[in-house]
Amino acid sequence: MTDFFKNIPTIKYEGPGTSNEFAFRHYNPDEVVMGKRMEDHLRFAVAYWHSFAWPGGDPFGGQTFERPWFGDGMALAKMKADVAFEMFDILGTPFYAFHDADARPEGATFAESLRNLEEIVEYLAEKQASHKAKLLWGTANLFSHRRWMSGAATNPDPEVYAYAAATVKSCLDATMKLGGQNYVLWGGREGYETLLNTDLAQERAHAGRFLQSVVEYKHKIGFQGAILIEPKPQEPSKHQYDYDVATVYGFLKDFGLEKEVQVNIEQGHAILAGHSFEHEIALAASLGIFGSIDMNRNDYQSGWDTDQFPNNHAEKAVAFYEIIRAGGYTKGGTNFDAKIRRQSLDPEDLILAHVGGMDTCARAFKAAAALFEADALEAKRRERYAGWQSAEAKAMLNQPLEAVAASVLAQNINPQPRSGRQERLENLWNDYI
Ligand code: XLS
Ligand code: NI
Ligand code: NI
């Protein structure tokens, strides 16, 4: 045991009436909702990077956190893992997620970085064996080190492409070794700042080939997890190639990967792309590529990826409703890709941020599940599209344009507009949140 979280108790469910800060008010892992334990529905994951590797910097100032594991070397990396698993135990989260660079020290050469990664993966495997938390997903950090400043797979320098391939291979191996259920590729710096120095077509082609080779390797080693792309429209690049779910789907189709790769949708990224979170989830589900989510919000005034913990259950309920409609997660989960604010120095802040996030999600999920089970919204939606149930309407979809046009004249079709009932449906939602 380290003494970082000393005196902080294991968090238990006490219900909405409790005055205990260190308790869940809404997240009761064993409560059965829609025939399944909440823990198995929500599949919470802690993000290693924001909680244990981020020093608290912003564009105007550097490190604010002084963690005993900050610094170089394997001993500190192992202390970080010890503290991380202590936090997973306190929270009872079933999963975590990590990048190579969060967990291992960077070496002077690729070979040294690889050895460090392999050593820490051994250590994480031991931790997993004696603790509850398992790996939701692994990923490679292809954006922090200066070698990646002009991109990874889309870098104009073929040596960087090669280094990216070696890095992703090592991270996929690590994820497989740790029994990870998914492998995530977030575009990082796969984008560009200015067309003046960029061959967009070539970069996009390289990104496509890179992803194909990742999928080929996944099959070669028999990795059973899902490969997920995490769309984001900008930041750090001005233009990211994986802008949003629709863009990613077009990209996957282009490279024949739409049956191989799914998406990890982040709330804040959806907002940056000018969408709602629920739109991105619903679209991905309708395209058959919904995988997992990163549950961290932006500040609506900043227009930037501020990665804050969710604290508005009404907003998240609409997103969980779409996840429920999509049939829930299979391999995916609810990953808090969220960080505490840089003034939140105390170990307690780290714990309570997650407690609040988990409670917010649980409350949102329960509201969404109740509305879904009542069939109230679904019934209204079915009613709205009921006209398409007739054999005649269905047959029309197979007719050529001129035949459909002829039927309008022959039957004197004269459609009468009907209310979309938006406010009534919003009021219905209000009954559940
Ligand atoms: C950054 C992304 C990143 C991915 C993992 O905006 O959200 O944290 O989730 O590389
Ligand atoms: Ni993000
Ligand atoms: Ni993310």
Side-chain angles (χ1 to χ4, degrees), residues 43-55 57-59 95-104 135-145 148 151-154 164 167-168 170-172 174-175 180-191 207 210-211 214 225-245 247-248 261-275 277 280-281 284 290-300 302-310 319 332-340 357 361:
R43 295 166 60 84
F44 287 127
V46 171
Y48 211 90
W49 51 104
H50 287 321
S51 289
F52 306 110
W54 180 59
D58 73 6
F95 295 108
Y96 69 104
F98 80 111
H99 304 80
D100 51 353
D102 314 329
R104 58 105 181 96
L135 185 62
L136 184 67
W137 46 266
T139 188
N141 180 327
L142 303 180
F143 44 91
S144 293
H145 193 279
W148 310 121
T154 62
T167 305
V168 169
S170 70
C171 291
L172 205 46
T175 302
Q181 304 210 6
N182 305 269
Y183 183 83
V184 166
L185 295 114
W186 164 57
R189 295 184 191 272
E190 309 294 29
F210 189 85
L211 188 56
V214 170
I227 303 283
L228 306 176
I229 293 266
E230 185 176 320
K232 186 174 184 180
Q234 68 269 328
E235 192 209 10
S237 297
K238 182 161 166 55
H239 301 268
Q240 299 275 133
Y241 293 126
D242 46 11
Y243 194 98
D244 59 2
V245 169
T247 308
V248 167
V261 178
Q262 300 170 334
V263 283
N264 180 43
I265 300 171
E266 179 163 314
Q267 196 264 1
H269 298 182
I271 305 295
L272 285 177
H275 300 303
F277 192 25
E280 290 288 82
I281 295 167
F290 175 68
S292 198
I293 64 171
D294 274 3
M295 184 53 100
N296 43 289
R297 66 186 176 91
N298 294 354
D299 184 301
Y300 286 103
S302 76
W304 210 238
D305 193 4
T306 57
D307 290 329
Q308 290 173 250
F309 281 86
T334 308
N335 175 46
F336 292 114
D337 187 359
K339 53 182 180 251
I340 48 179
C361 290

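Source: prediction; values computed, not measured. Each ligand, and each atom within it, is numbered from 1 in the order the structure gives.
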Write the atom name of the N, O or S atom in D337 that is nearest the Ni ion (ligand 3).
OD2
Where do E266 and E230 come nearest, in terms of heavy atoms and distance?
OE1-OE2, 2.9 Å
Looking at E230, which of its N, O or S atoms is the nearest one to the Ni ion (ligand 3)?
OE2
Between D294 and N335, do the side chains contain a donor N or O and an acceptor N or O under 3.5 Å apart?
yes
Shortest non-hydrogen contact between K232 and D305, atoms and distance
NZ-OD2, 2.7 Å
For ligand 1, indicate whether the residue N264 contacts it via side chain, backbone, both or neither (heavy-atom separation under 4.0 Å).
neither
Identified ring pair (Phe, Tyr, Trp, His ring centres under 6.0 Å) partner of F44 from the options Y96, F309, F336, F95
F336
Is D305 close enough to the Ni ion (ligand 2) that one of its N, O or S atoms comes in under 2.8 Å?
yes
For the residue pair W49 and W137, does the interplanar ring angle fall in the parallel (under 30°), tilted (30 to 60°) or perpendicular (over 60°) class?
tilted
Below 4.0 angstrom from a heavy atom of K232, which ligand 1 atoms are there? Numbered from 1 as shown, please.
1 (C), 6 (O)
Going by the order shown, which atoms of ligand 1 are within less than 4.0 Å of some heavy atom of H99?
5 (C), 10 (O)
Atom of I229, atom of V261 and distance for their closest heavy-atom approach:
CG1-CG1, 3.5 Å
For ligand 1, the portion of H269 having any non-hydrogen atom under 4.0 Å away:
side chain
Interfacing atoms of ligand 1 (cut-off 4.0 Å, heavy-atom, D337):
2 (C), 3 (C), 4 (C), 7 (O), 8 (O), 9 (O)
Might you point out which heavy atoms bring G188 and P236 nearest each other, and give the distance in Å?
O-CD, 3.2 Å
Begin from the C-alpha positions of D242 and E190 and carry the test side-chain contact (heavy atoms from CB on, under 4.5 Å) through to its verdict.
CA-CA 8 Å; D242 46 11; E190 309 294 29; 5.7 Å; no
For ligand 1, which atoms have a heavy atom of D294 less than 4.0 angstrom away?
9 (O)
Output yes if D294 passes the N/O/S-under-2.8 Å test against the Ni ion (ligand 3); output no otherwise.
yes
Would you confirm whether H275, through its side chain, and A270, through its main-chain N or O, come within 3.5 Å as a donor-acceptor pair?
no
Looking at ligand 1, does any of its N/O atoms fall within less than 3.5 Å of an N/O of D305?
yes
Mind reading off the angle at the Ni ion (ligand 2) between the OE2 atom of E266 and the NE2 atom of H269, rounded to 10°?
80°
Within-cut-off N or O pair, E230 and ligand 1, under 3.5 Å:
yes
